[in-house]
Amino acid sequence: MAAVYKSLSKGSSQKTEAPSNGVRKNKQRVLILSSRGITYRHRHLLNDLATMLPHGRKDAKFDSKSKLFQLNELADLYNCNNVLFFEARKGQDLYLWMSKVPNGPTCKMHVQNLHTMEELHFTGNCLRGSRPVLSFDAAFDMQPHLQVVKELFMHTFGVPQGARKSKPFIDHVMGFTFADGKIWIRNYQINTVEPSKTKVDADAEGEKPASSKDRTKETDMNLIEIGPRFVLTIIVIQEGSFGGPIIYENKEFVSPNQVRSDLRRSKAGKHNARTEQHEESLLRKGDLGLQTSGGRKMPVDALDSRELFA
Amino acid sequence: MVTKSKLKTALAAERGVDFHKLALKKKEKAARKKKETGKGGAKPVKEDDAEDGDSNLEEDESDDEDASDEETFDIAQLDESDSDSEVEMEEKIQRKPKPTQKAIKAAKDAKAAKLIAEAEDDDDEEEEEDEEDIPVSDLEDLSPEDKEDLIPFTRLTINNTTALLASLNRIRLPTDKSVPFATHQTIVGVEPTADAIEDVQDDLKRELTFYSQALDAAKRARKLLKAEGVPFERPNDYFAEMVKDDGQMEKVKAKLIETASAKKASAEARKQRDLKKFGKQVQVAKLQERHKAKRETLDKINLLKRKRSENSGDVGATEADIFDVGVEQEIGKYSAGKGRAPKKEREVRPRRQEEVRQVWRRRELGRHERVQCQADEDRHERQDCQDGQVREEPADCWEAVID
């Protein structure tokens, strides 16, 4: 109710503000927090992301797993309009919730193949809080659910212009790629190299100063990976923030629980097959009268020593 | 309608909903339903009373064909406001428990369920799930025995595009040309990166495509940002806190050095191993060669010996010529070496012997003289002999000893 009231009042105030302001300013704040029961790697990933997001607010672990809608109020307390919530299950599976507070949408994703910045030992580095260039795969514009997810990524991972702790230069790129039904996230440093050769050539030839200047201005560029790396699988998109009807569901997603149980079952199947085979062979032997108990009895042979010397 | 919350009344007032008309419509609908269900002999559906006005509205919209023009206007207004207002959210939230309710009723009364289904025919698939169908994701909770006689069905995937687009429009930030690029810094690739990846499991190629996507984006971003006059590259004298602190970078460096040195060490070790293997072979070959050479010389010597013995038997004189083994020279050398030595000995020896003899004589003479002299004195005393005789005797005797 509070959320509805607030959005209503905000909407009305915005209406009056909008014409005078021209363009609405991109104001984003992200509440970053996790559930209880995360492992150290999950925690390190969270810390890595928190260092990259100067507009983020890291909070203590959230206690409840069922009442996630309480996060809305929590985000409201911290003046955040985005929530990045890491939910750990069974001390091994990590789920990432990205939500727009207060009215949604919310996207729940499964995190796989996560490697934190520390364990990757990449040589790249960037300013803490510099604004990243967000590089999206073209696939993100093709389907509506990916468009929604892209928008959520833009809000959470894109540092808004003029954020309080952001730095004035742009020295890293975040890559979001949609491949194999999953979203792959990479983080690179932009490294500019002086192309000394072309510079020398230009000086030697003594061409027009303007063109040589242009050439020296456009330095070569390469990327060095910084980390972290992780892969996200979209599970569900909800219309509200941590609630509301489900407007997208990924059928291809297989829960890690099911994967594990399938593995277990396939292992158990081996044992079952072996015992079955054993029983069958016992039965066959019984039918042939080769067993003392059960099965068919062999007719008494006249030449049996017990018959002969009875 | 009296029990409505203040907020909702305010909300409805803003939207311009006429409660009186709504109430009228509701009554009308209830009457109609009663008539229909009464015909089927089933009990009347009371669920409408449980719902509140807002969700009721939507149902009315779906099956009310005989609504007046004014009403449709109202409804249309409500409907179009749905796309970006909070009303819709609330509606949807409250609509959520409805399917389950209906499912229970469906079990009780098939006809009533059918009616309701008719009333909702234009709604999404999400609401069409019956209670007999269990989605795959819920199967985990079942015991294995129960699972065996279950026919698994795959849940229809939910992809409510209209709702997705509506919520997208609600939160969308402008990224088109109307706003400066610096506000969002978002670059969308020209073509899907996934097309360039042949095999997702191939780490190297996959990462390379990711890299090229990011690099392309960075280049485009630089161009756009430079055009807007936003500082892009960090000047060399700008120092600030980095994402990875110095300790972490030190670790990275150490790791790099470690890997490099490990690589070097392993290369060195391999080289040594190869050398050892090869060196052994060389050693063995050398030994064999040496053995062979030794055997050959031994054979040659044996042969020579044989030849020589044959020669001495006066047979090899012609044989040596026939076989032309160059034995003559060998023998010549050998015999010359042997023949020369005794000759020299014969020359040297007497002289040397003489010298030795003289030395001995000189050295031993004194002692012998003394000893002998005493003895001789004793003897001479007895035999009365001369000195000269005594001197001669020991010399002779020593000569014999030396020879």
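Below, each value reflects all heavy atoms present in this structure, side chains not excepted, and no hydrogens, waters or symmetry copies. Chain letters run A, B, ... following the sequence lines, proteins first, then strands; residues in each count from 1.
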TODO: Heavy-atom distances under 4.5 Å only: say whether Gln28(A) touches chain B with side chain, backbone, both or neither.
DONE: side chain

Task: Proximal component of Arg186(A), with respect to chain B [non-hydrogen, under 4.5 Å] - done: side chain

Task: Asn159(B) side chain vs Tyr248(A) backbone, donor-acceptor pair below 3.5 Å - done: no

- [ ] Please name the pair of heavy atoms, one in Leu173(B) and one in Glu151(A), separated by the smallest distance, quoted to 0.1 Å.
- [x] N-OE2, 2.7 Å

- [ ] Please work out whether the ring planes of Phe169(A) and Tyr238(B) are parallel, tilted or perpendicular, with thresholds of 30° and 60°.
- [x] perpendicular

Task: Side chain / backbone / both / neither for Phe140(A) at chain B, heavy atoms under 4.5 Å - done: neither

Task: Sidechain N-carboxylate O distance under 4.0 Å for Lys165(A), Glu241(B) - done: no

Task: Leu223(A), part contacting chain B, at a heavy-atom distance under 4.5 Å - done: both

TODO: Heavy-atom distances under 4.5 Å only: say whether Leu127(A) touches chain B with side chain, backbone, both or neither.
DONE: both

- [ ] Answer yes or no: is there a donor N or O on one side and an acceptor on the other, between the side chain of His184(B) and the main chain of Leu134(A), under 3.5 Å?
- [x] no

TODO: Measure distances from Met174(A) to the heavy atoms of chain B and classify the residue's part below 4.5 Å as side chain, backbone, both or neither.
DONE: neither

Task: Heavy-atom contact with chain B under 4.5 Å, split by part of Ile226(A) - done: both

Task: Proximal component of Val173(A), with respect to chain B [non-hydrogen, under 4.5 Å] - done: side chain

TODO: Below 4.5 Å from any heavy atom of chain B, which atoms of Lys182(A) appear? Answer side chain, backbone, both or neither.
DONE: neither

TODO: Can you tell which part of Thr123(A) gets under 4.5 Å to a heavy atom of chain B, answering side chain, backbone, both or neither?
DONE: both

TODO: Side chain from CB out, backbone as N, CA, C, O: work out which of these in Met221(A) comes under 4.5 Å of a heavy atom of chain B, or both, or neither.
DONE: both

Open item on the list: Taking side chain as everything from C-beta outward and backbone as N, CA, C, O, which of these in Asn222(A) sits under 4.5 Å from a heavy atom of chain B? Side chain, backbone, both or neither.
Closed with: both

Task: Per-residue contact mode, Asp137(A) against chain B (heavy atom under 4.5 angstrom) - done: both

Task: Student check: side-chain heavy atoms of Lys167(A) and Arg234(B) closer than 4.5 Å - done: no

Open item on the list: Salt bridge check, Glu118(A) against Lys251(B): does any charged N sit closer than 4.0 Å to a carboxylate O?
Closed with: yes

TODO: Measure Phe122(A) against the heavy atoms of chain B and call it side chain, backbone, both or neither at under 4.5 Å.
DONE: both

Open item on the list: Whether the Gln213(B) and Ser135(A) side chains hold a donor-acceptor pair (N or O, under 3.5 Å, no angle test) is what I'd like checked.
Closed with: yes

Task: Option that, when pairs with chain B are counted at under 4.5 Å, heavy atom only, ranks first among Pro168(A), Ser130(A), Gly227(A), Gly175(A) - done: Pro168(A)

